[in-house]
There are 2 protein chains.
Amino acid sequence: MGTTQLESVPEPKYWHLKTVIGEALDSDFAVGEILPNERELAARFGVARATLRQALEQLELEGRLQRRRGVGTTVAPPRMGVDVSTTQQAWPGAGEDVWQSVDCVTATPPAAVARLLEAEPDEPVHVVRRLRVTQGQAVAAELLYVPLARVPGQPAADAPAGPARARGVLRELQRLVLDGQDRSVELGSARADDAKELDRLPGAPVLVVTTRYLSEGRTAAVSVATYRADTCKLTFGDSGDLVMAS
Amino acid sequence: MGTTQLESVPEPKYWHLKTVIGEALDSDFAVGEILPNERELAARFGVARATLRQALEQLELEGRLQRRRGVGTTVAPPRMGVDVSTTQQAWPGAGEDVWQSVDCVTATPPAAVARLLEAEPDEPVHVVRRLRVTQGQAVAAELLYVPLARVPGQPAADAPAGPARARGVLRELQRLVLDGQDRSVELGSARADDAKELDRLPGAPVLVVTTRYLSEGRTAAVSVATYRADTCKLTFGDSGDLVMAS
DNA sequence: CAGTGGTCTAGACCACTTC
DNA sequence: AAGTGGTCTAGACCACTGT
C-alpha cells in the first residue's frame with residue numbers, strides 16, 4: 001500500500017489498456033503469436049473498439065505489435081538494428097549487398113530536394129529508386145536524386161528506365177571524389193508509393209533519413225530514405241566495429 | 001481526358017483531407033497562425049470530427065501542425081535541426097551549453113538498460129536527469145545511467161538528490177578515458193514524466209536516442225534521450241563543420 | 001465562464017486475406 | 001463466405017486554457 005495514488009490525474013482508459021496489454025505481451029505471449037481479434041479484446045476489457053484500437057495503435061508504434069488487415073494482430077519481434085552509420089564515407093551503392101536498385105527515371109525534384117541540391121527547382125535529375133532488404137524483409141525505400149549535370153559521362157540519359165540504368169548512374173557517381181556527407185533523421189508518414197514497397201498502409205510512421213553527398217564543394221546527390229519505424233532501429237556504430245546487437 | 005484515375009483504389013477521406021489541408025497550409029496560412037477549431041473545420045469539410053482529427057493527427061506527426069488542448073491548432077514552424085553527431089567523441093556534459101542537469105538519484109535501472117550496461121539487473125546506478133533546451137524550448141529529456149562502480153571517487157553517493165549531485169557525477173565521468181560510443185535511434189512514445197518535461201501529452205511520438213559510452217572495454221554509461229518528434233529533426237554533421245540548415 | 005482539443009461510445013460499412 | 005483490421009459517423013462528456 002502506501003503510494004496507491006488515487007487517480008489524482010485520472011489516466012485515460014486507452015493508456016491504462018496499453019500498459020495492461022503490454023505487460024500481458026511480456027508474460028503470456030510469444031513472438032509471432034496472434035492475439036484475439038479487436039472485437040473480442042474490446043469486449044473482454046469492456047471498452048469500445050475505438051478505445052481498444054487506440055491502445056493497439058500505440059503498441060504498434062512502439063514496435064510491440066504488428067497488425068495486418070484481413071489477417072490479425074501478432075506479437076512483433078524486437079526491432080532489428082539497421083546500420084546507417086557514416087563513418088566509412090562512401091557513395092551509395094558501394095556495398096551493393098543491402099540496397100537493391102529498382103528503377104531510374106529522369107524528372108524534376110520536389111522543391112525541398114532542389115533546395116538541398118542547391119539547384120534550380122526545374123533542373124532535371126536522375127531519380128534512382130532503391131530498396132533496402134534485410135533478412136528477406138524490405139525495411140527502407142529510397143529515392144536518390146542526382147542532377148544530370150553532376151555525372152559527367154551521361155550513362156544513357158535516354159536509356160530505358162529500369163534497374164540497369166539505376167546501376168549505371170550509381171557507377172558514374174562513384175567516379176567522383178566524395179568530400180563528405182551529412183545526414184538527418186526525422187519522423188514522417190509513408191507516401192503511397194513507399195508504403196506499397198514497404199508492405200504498409202499509406203501514412204504509416206517512418207523514419208526519414210536524408211543524406212547529402214558533397215563533392216568538390218557542391219552537393220552532388222541527395223538521398224531520401226524512408227525506414228519502417230515499426231520494425232527498425234537505426235544504429236550508428238561510431239566505435240570501431242562494435243555494433244549494438246540487441 | 002488523360003489520367004483522371006477514377007478511384008481505382010478509393011482514397012480514404014482522412015487521407016484526402018490531409019492533402020487538402022496540407023496544401024492550404026502552404027498557401028493560405030502563416031507560421032503561428034491559428035486554424036479554425038475542429039468542429040468548425042469538420043463541418044466545413046462535411047465530415048465527422050473523428051475523421052477530421054485523423055487528418056490533423058497526421059499533419060501534426062509530420063510537424064506541420066501543433067495542437068494544444070484548451071488553446072487551439074496552430075501552424076508549426078519548420079522542424080529545428082538538433083545536432084546529435086558523435087564525431088567529436090565526448091562524455092555527456094562536455095559542452096554544458098545545451099543540456100541542463102535537473103536531478104540525480106540512485107536506483108536500479110530498467111532491465112533493458114541493465115543489459116546494455118552489461119550489469120546485473122539489481123546493480124545500483126546513478127540516474128542523472130537532464131533537459132536539452134534549444135531556443136528557449138525543451139526539445140529532449142534524458143536519463144543517463146552510470147553504475148556506481150564505474151565512477152571511482154564517489155561524488156557524494158548520499159548527497160541530496162538534485163542538480164548539484166548530477167553535475168558531480170558528470171564531473172567524475174569526464175575523468176575516465178572515452179574509448180568510443182555507439183548510438184541508435186528509434187521511434188517511441190513519451191512516458192508520462194518525459195511528456196511533462198517536454199510539454200506534451202503522454203504517448204506523444206518521440207525519437208529515442210540511446211547512446212552507449214565505452215571506457216576500458218566496458219560500457220561506462222548509457223544515455224536514453226527522448227526528443228520531441230514533432231518539432232525536431234536530428235542531424236548528424238559528418239562533413240567538417242557543415243550543418244544542414246533548412 | 002466559454003471555448004478548445006482529448007477521450008469515449010455503439011454502432012455501420014468497407015477492403016483485404018484466407019479458406 | 002467468413003473473418004480480420006481499416007474507415008467513418010454522430011453524438012457525449014472530460015480536461016485544460018484563457019478571460
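All chains are named by letter (A, B, ...) in the order of the sequence lines, taking the proteins before the strands, and each is independently numbered beginning at 1. Computed from heavy atoms alone, side chains included, the values below leave out hydrogens, waters and symmetry copies.
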Between [options], spot the one nearest the side chain of [X], thanks.
| X | options | result |
| --- | --- | --- |
| B:Arg67 | C:dC13, C:dG6, C:dA10 | C:dG6 |
| B:Lys13 | C:dT7, D:dG5, D:dC8 | D:dC8 |
| A:Leu201 | C:dT9, D:dG6, C:dG5 | D:dG6 |

Roughly how far, to the nearest 0.5 Å, is OH of A:Tyr227 from CZ of A:Arg132?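 If we round to the nearest 0.5 Å, A:Arg132:CZ and A:Tyr227:OH are 4.0 Å apart.
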- Task: Indicate whether any N or O donor in one side chain lies under 3.5 Å from an N or O acceptor in the other, for A:Thr73 and A:Arg67.
- Result: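 Side-chain D/A pair, A:Thr73 to A:Arg67: absent.
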DNA chain D contacts made by residues 54-65 of chain B, counting heavy atoms under 4.0 Å: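 By residue number: B:Gln54.
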Exercise. Send over the distance from B:Leu41 CG to C:dT4 P, rounded to a whole Å.
Key: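 These atoms are roughly 11 Å apart.
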Quiz prompt | For atom CD1 of A:Ile34 and atom C1' of C:dT18, their distance in whole Å | solution =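 The distance from CD1 of A:Ile34 to C1' of C:dT18 comes to 12 Å, rounded to the nearest Å.
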For a side-chain contact (heavy atoms from CB on, under 4.5 Å) check, start with the C-alpha distance between B:Val185 and A:Phe236, then their side-chain angles and the critical distance, and finish with the verdict.
CA-CA 8 Å; B:Val185 177; A:Phe236 301 77; 3.7 Å; yes
**Message:** Using a 6.0 Å cut-off, check whether atom CG of A:Asp199 has over 12 heavy atoms from anything other than its own residue.
**Reply:**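 Counting neighbours around CG of A:Asp199, 12 or fewer heavy atoms of other residues, nucleotides or ligands fall under 6.0 Å, so no.
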Grab the N/O contacts between the protein and nucleotides 17-19 of chain D below 3.5 Å, and write none if there aren't any.
none

So, is [X] near the phosphate of [N], with a side-chain N or O under 4.0 Å from OP1 or OP2?
| X | N | answer |
| --- | --- | --- |
| B:Asn37 | C:dT4 | yes |
| A:Thr51 | C:dT7 | no |
| B:Tyr14 | D:dT7 | yes |

Measure distances between side-chain N and O atoms of A:Arg39 and base N and O atoms of D:dG5, and say whether any donor-acceptor pair falls under 3.5 Å.
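Pair found.
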Taking Watson-Crick and G-U wobble contacts under 3.5 angstrom, with | marking pairs to another strand and [ ] crossing pairs, the secondary structure of DNA chain D is written |||||||||||||||||..
